[in-house]
Amino acid sequence: RRDVGALVARFLGVAAAGVAGACMFTEADDARALRLFPRRYASFIVVSALITGAMIVLEHTLASIG
């Protein structure tokens with residue numbers, strides 16, 4: 001059995017690295033990229049959580065039909 005906390009922590013770390021890289025490549029000014037990072041990271045996490053929630057609801061709904 002996998003530890004859910006470790007998986008979530010790993011996801012948050014990899015997501016932070018990905019968002020940081022995207023911020024640095026899309027913004028020419030590093031100071032602006034650093035200022036935008038928290039909002040972009042939060043947006044990414046919220047959207048990921050919404051997609052995960054929708055997938056769980058769909059899986060539960062479709063599994064109960066059969």
request  = Given side chain to side chain contact (heavy atoms under 4.5 Å, CB included), test Thr26 with Arg40 step by step and report yes or no.
outcome  = CA-CA 12 Å; Thr26 58; Arg40 288 184 180 182; 3.0 Å; yes

note = For Cys23 and Phe37 the tightest heavy-atom approach is SG-CA, 3.9 Å

remark   = When rounded to the nearest 0.5 Å, the distance separating CD1 of Ile56 from CD1 of Ile51 is 12.5 Å

ILVMFWY network linking Val14 to Val19, side-chain heavy atoms under 4.5 angstrom = no

key: Gap between atom CG of Asp3 and atom CZ of Arg10 - 0.5 Å precision   = 9.5 Å

ask   = Applying the 4.5 Å side-chain criterion to the ILVMFWY set and letting contacts propagate, would Val46 and Phe11 be lumped into a single cluster?
value = no

ask   = Got a salt bridge between Glu27 and Arg35, using NZ or NE/NH1/NH2 to carboxylate O under 4.0 Å?
value = no

key: Intermediate values then yes/no, side chain to side chain contact (heavy atoms under 4.5 Å, CB included), Tyr41 and Leu12   = CA-CA 9 Å; Tyr41 182 65; Leu12 293 174; 3.5 Å; yes

request  = Please check if Leu58 and Leu50 belong to a single hydrophobic cluster, counting links between Ile, Leu, Val, Met, Phe, Trp and Tyr side chain heavy atoms closer than 4.5 Å.
outcome  = no

